[in-house]
Amino acid sequence: TGTGKTLSLLCSSLAWLLHQKQEIQVQTTKSTLSDIASRNASDKQDKIEVKSRFRDKDAKWGAPKIIYASRTHSQLTQAMQELKRTAYSSMRAVVLGSRDQLCIHAEVMREQGNANKVQMCKAKVDSRTCSFHSRVESRKDDQSFRGPSIMDIEDLVKVGQKLKMCPYYAVKELVADADITFMPYNYLLDPLARKANKVELHNTIIILDEAHNIEKICEECASVQIKSSDVAMAIDDTTHIMAAIKASGSEVQDCEDESKDFTLDDLTLLKEMLLELEKAVDEIEVENKIEGVTLPASYIYDLLGKANLNYKTSKLVIALLEKLVQFLAVQSQTSRLRKGKSYRTLADMLNIVFINKEDKIEKIYKSFKVHIQLEEIKQSQRPDSNKDVWLSKNSNANSEKKVAKIINYWCFNPGFGMEQLLNKNIRSIILTSGTLAPLKPLIAELALPVMQQLENPHIVSQSQVYVKIIGAGPDREPLMSNFQNRDNPKYISSLGSTILNVARIVPDGLLVFFPSYPLLNQCVNSWQASGLWADLSRFKPIFVEPKGKDDFLNTMEGFYESINNSKGACFMAVCRGKVSEGLDFADRNGRAVIITGLPFPPFKDPKVILKKKYLDDNRTKENQLLSGQAWYALEATRAVNQAIGRVIRHRHDYGAILLCDVRFQQSTQVQQLSKWIREILGNQPKSSLFGPIMPKACERIVDSLVSEGCGPMNALDVVNSKYFPNFQNNVPGKRRFQTALNNAIQAEEINTIESWSLNDYAKATARPSDNKLPNVADFLSRLDGDVSTIDVGSPIISLDQFKFIDKPRLENDQNKKAPEERVEFLRVLRSSLSSDDFKAFSAALISYKTDNTIDGLMDILFQMLGKPCLFYMLQGMRRFLKNEHRMQFDKRLADHSTKVLQTF
């Protein structure tokens with residue numbers, strides 16, 4: 001949750017590494033002196049033996065390396081920025097990135113998709129036509145590149161552009177000498193990516209941060225998918241290449257040079273294999289057209305075997321496919337040939353299927369499944385198009401049998417990926433995350449020999465976090481986002497009203513997380529149609545998480561800009577999306593988070609069904625695996641825990657967490673929430689109605705804030721609030737004061753006319769007069785007060801019920817002037833009038849704005865503010881009137897003054 005786990009790991013690991021280096025240096029020095037003293041230096045053969053022994057000792061005692069892996073490059077960048085601020089900033093660090101991030105060649109970067117950029121880059125490097133790559137050797141030792149500072153992706157690109165040197169290849173020159181290497185998960189866990197990036201694992205300490213995703217990533221790295229259309233396009237591409245080579249025309253004039261590594265015979269043999277594979281796929285029978293068919297893992301070997309693809313031939317075929325991809329990357333620039341995507345897909349499939357040795361075949365059969373579905377092919381708009389070979393073949397009488405299919409080869413045992421790491425002679429693996437619990441099933445699935453386990457409490461106190469389960473909205477409609485209730489218009493309306501009312505009282509940033517994109521889109525459409533969306537946008541600008549990378553960056557920039565401009569903002573996102581993990585919403589960026597439901601994986605998804613079955617079939621008392629249903633529930637709760645963690649980002653941060661689904665009160669769900677959340681909710685939490693929920697907790701929260709403060713903050717820090725100028729004197733009456741304040745705020749919110757902007761009201765109620773940001777006491781007490789007045793079923797308590805003995809009285813003072821700013825004027829006026837008077841004043845303002853008549857407003861103003869103690873406020877109202885009414889106001893003001901003087 002952004003509270004220092006990463007920095008603690010980095011600092012402790014690097015401190016240990018420095019100590020190891022010192023120990024190794026001492027051992028090496030002792031060994032050198034001992035060996036030199038015991039040998040005859042004049043004997044040449046002895047010198048050779050001494051050098052050999054030194055090399056052996058270096059291999060044995062060499063300093064280990066640290067590999068830090070996380071989910072995304074944005075998380076890696078955050079970690080590197082933190083490392084720059086520590087005492088270990090001088091240590092050698094490097095980050096590995098893709099060509100998409102590091103390449104500075106304009107022609108390569110114009111390619112669409114990372115795969116195309118990879119092949120274009122390789123082609124230019126092989127043909128020595130990339131000037132940036134050719135400068136790497138001569139400029140890799142430049143001080144600006146090997147300087148003492150830690151460089152992230154952005155820094156590497158800037159240096160590369162400055163030196164006109166390829167950052168992608170240059171950074172690989174730094175890995176050998178680096179103390180710590182930063183990389184995404186897939187560079188480490190995916191054997192193909194690990195090989196491509198030349199990642200060495202021997203004698204390394206691997207830190208897997210945000211490791212709650214590690215099981216899924218291990219499974220995905222060992223899984224692969226191939227479609228009928230991929231095989232068809234590979235056949236088509238092979239046919240075109242063969243024709244081009246035979247023709248040797250101008251279209252492929254460089255063909256002979258590019259195709260030295262393969263011949264027509266190679267292509268003929270490959271095409272024969274592909275045709276056999278296509279035939280085998282055609283013959284697969286899928287009885288259930290909707291759900292598909294599941295087959296044992298052995299089926300994939302039988303299917304490929306029909307095309308003579310096996311352990312012996314796979315390596316040769318993979319090598320040929322990679323050569324063809326390189327060939328097409330070049331030829332597609334000057335011809336109409338495709339870029340070899342089908343070849344890449346086939347090569348990836350063969351790599352995954354045949355990466356494990358034959359002696360592990362039994363374990364493979366137990367851990368993998370083949371699932372075959374029907375493929376939906378998009379028909380070409382042109383009737384004569386032959387772009388999709390598969391579709392063109394299915395126009396015959398046997399088209400029903402030859403329907404296109406998708407062959408999925410899925411891994412359900414994440415231990416496969418971890419086993420590959422363990423077999424690389426690594427020194428240790430550290431898994432860390434704020435949402436790893438429960439640990440036992442995680443360890444069992446990854447098949448790790450864990451020596452140490454550590455689970456720590458949160459660094460913030462309970463007084464800094466407000467957590468509640470809201471089981472019903474303001475209209476008493478139950479909040480439950482299960483599949484059966486998601487189409488219920490009453491539920492969607494009630495959820496929207498709940499979010500609207502929270503947005504009215506929460507200052508700055510509000511995060512709202514939905515279980516899925518379909519539900520998010522459904523709610524957005526419904527709220528826009530009903531007008532609720534417009535109501536919400538009046539209080540806070542609304543941002544919705546997009547799926548595209550560029551759109552996402554623009555959306556985040558808009559959100560942060562709105563926060564900085566003191567407008568506040570509401571960000572609607574999806575659990576497991578980009579916003580829910582890795583992004584920082586500290587302080588004003590996230591004062592509250594709403595979880596609208598439990599993000600269970602799709603119940604009827606074939607992969608989810610097979611995963612549950614795999615766990616049930618392999619679960620024993622000894623291995624402590626979760627049951628399928630327990631895993632299914634845990635997947636949802638882990639996503640919730642990650643989303644919750646966006647709010648509290650450091651030890652002085654504070655915020656509210658609202659779980660808007662009645663199912664959160666179930667004991668099974670509570671036990672899977674993060675430990676620090678469970679401690680606040682208690683063992684048997686109950687959901688509450690929306691209205692009365694926060695007043696019940698008000699006394700506990702304010703008591704804790706006033707008496708103890710937040711963390712290391714002293715009492716003066718805590719009570720620096722307009723509500724508690726002297727906490728020792730005001731604590732006994734804080735509940736009466738708070739209730740009175742609630743009613744004033746409720747009346748204030750009636751005013752929505754343009755002359756009094758909503759931003760003014762927000763500032764007037766949530767900010768002190770010096771415009772400083774509210775502290776935790778202000779925020780939580782404000783949150784409690786406003787929500788209690790929104791409940792439509794709660795009785796309204798008149799302000800007149802509360803008597804304040806020491807309430808200061810405004811006296812008539814000719815030198816006293818009304819505040820010029822609307823916000824401060826509203827504050828003083830609200831504190832000077834009773835609740836009923838303030839309501840009447842608000843209604844008169846609205847009528848004045850609507851009817852453009854001054855008489856009704858003046859009657860109210862002179863009745864309420866005509867007293868000597870408030871006469872200066874009556875005078876101050878003039879500046880807020882329209883120009884055409886000021887003369888009429890001045891005349892009545894003069895008459896009123898005369899009457900007052902006559903009275904005295």
Side-chain angles (χ1 to χ4, degrees), residues 1-6 70-72 75 208-217 431-443 445 453-460 462 464-470 481 511-516 545 571 573-586 590 592-601 626 629-650 653-683 685 687:
T1 56
T3 53
K5 299 186 303 294
T6 298
S70 192
R71 186 182 180 217
T72 63
Q75 293 171 335
L208 297 173
D209 201 0
E210 303 297 337
H212 54 275
N213 291 311
I214 204 68
E215 302 153 283
K216 184 177 180 180
I217 293 174
L431 292 91
T432 177
S433 173
T435 54
L436 276 183
L439 295 177
K440 288 184 179 179
L442 173 72
I443 295 169
E445 273 215 271
Q453 299 180 36
L454 181 64
E455 187 173 3
N456 290 324
H458 207 293
I459 62 172
V460 298
Q462 293 187 17
Q464 292 170 254
V465 187
Y466 185 69
V467 185
K468 271 295 180 180
I469 301 170
I470 301 179
S481 70
L511 308 178
V512 184
F513 287 103
F514 292 80
S516 65
E545 178 180 6
F571 204 120
V574 174
C575 292
R576 299 191 188 91
K578 297 183 182 69
V579 175
S580 66
E581 298 194 30
L583 291 186
D584 195 350
F585 292 92
V593 58
I594 296 176
I595 307 296
T596 64
L598 288 162
F600 290 106
L626 288 173
Q629 188 59 37
W631 166 84
Y632 185 72
L634 182 60
E635 283 292 291
T637 316
R638 278 183 175 165
V640 168
N641 288 334
Q642 277 298 307
I644 286 174
R646 298 310 94 203
V647 174
I648 306 299
R649 306 303 297 173
H650 57 82
D653 209 351
Y654 59 91
I657 299 167
L658 305 178
L659 307 175
C660 296
D661 193 311
V662 70
R663 292 174 296 174
F664 277 110
Q665 68 180 344
Q666 298 173 1
S667 59
T668 54
Q669 297 299 332
V670 173
Q671 293 305 314
Q672 291 177 347
L673 290 172
S674 296
K675 183 178 180 181
W676 63 283
I677 296 292
R678 297 199 308 266
E679 291 175 350
I680 298 174
L681 284 175
N683 295 328
S687 65

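- Listed by chain and residue number, L511, F513, I595, V647, I657 satisfy the side-chain contact (heavy atoms from CB on, under 4.5 Å) test with V593 (two or more places apart in sequence, or in another chain).
- With hydrogens and angles disregarded, a donor-acceptor distance shorter than 3.5 Å links the side chain of Q75 to the backbone of T72.
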Note to self: L681 vs F664, test: side chain to side chain contact (heavy atoms under 4.5 Å, CB included). Steps then yes/no.
What the structure shows: CA-CA 10 Å; L681 284 175; F664 277 110; over 6 Å; no
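- A 4.5 Å side-chain heavy-atom check between W676 and I644 finds at least one atom pair inside the cut-off.
- Residues T596 and P515 come closest through the heavy atom pair OG1-CD, 3.4 Å.
- A distance of 13.0 Å separates NZ in K468 from SG in C660, rounded to the nearest 0.5 Å.
- The ring pair (Phe, Tyr, Trp, His ring centres under 6.0 Å) check on F585 picks up F559, with sequence neighbours excluded.
- Atom-to-atom distance recorded for L658:CG and Y466:OH is 8.0 Å, nearest 0.5 angstrom.
- Here the straight-line distance linking atom CG of L442 with atom CG of L626 works out to 9.5 Å at 0.5 Å rounding.
- Side chain of Q464 to backbone of D653: a donor-acceptor contact under 3.5 angstrom is found.
- Looking at heavy atoms from C-beta onward, S580 lies out of side-chain contact with V574 at the 4.5 angstrom threshold.
- Minimum heavy-atom separation, A630 to Q672: O-NE2, 3.9 Å.
- Taking Q671 as the reference, R678 meet the side-chain contact (heavy atoms from CB on, under 4.5 Å) condition, with sequence neighbours excluded.
- Every side chain to side chain donor-acceptor pair (under 3.5 Å) that T6 has, sequence neighbours left out, goes to D209.
- Remark: R71 CZ to K578 NZ distance equals 9.0 Å, nearest 0.5 Å.
- Residue A636 comes nearest to F600 through the heavy atom pair CB-CD2, 3.6 Å, listed as atom of the first residue, atom of the second, then distance.
- When every heavy atom of E545 is checked against every heavy atom of V579, the shortest pair comes out as OE2-N, 3.6 Å.
- The closest side-chain heavy-atom distance from I469 to V662 is not below 4.5 Å.
- Inter-residue side-chain proximity for L431 and I443 is flagged as unmet; no heavy-atom pair is nearer than 4.5 Å.
- The distance from atom CD of Q642 to atom CG of N213, rounded to the nearest 0.5 Å, is 7.0 Å.
- Listed by first then second residue, pairs satisfying salt bridge (Lys or Arg N to Asp or Glu O under 4.0 Å) with a partner in residues 657-677 read D661-R663, not counting sequence neighbours.
- E635 is linked by a side-chain contact (heavy atoms from CB on, under 4.5 Å) to R576, P601, W631, counting only residues two or more places apart in sequence or in another chain.
- Atoms CD and CD, on E445 and E215 in that order, are 5.0 Å from each other to the nearest 0.5 Å.
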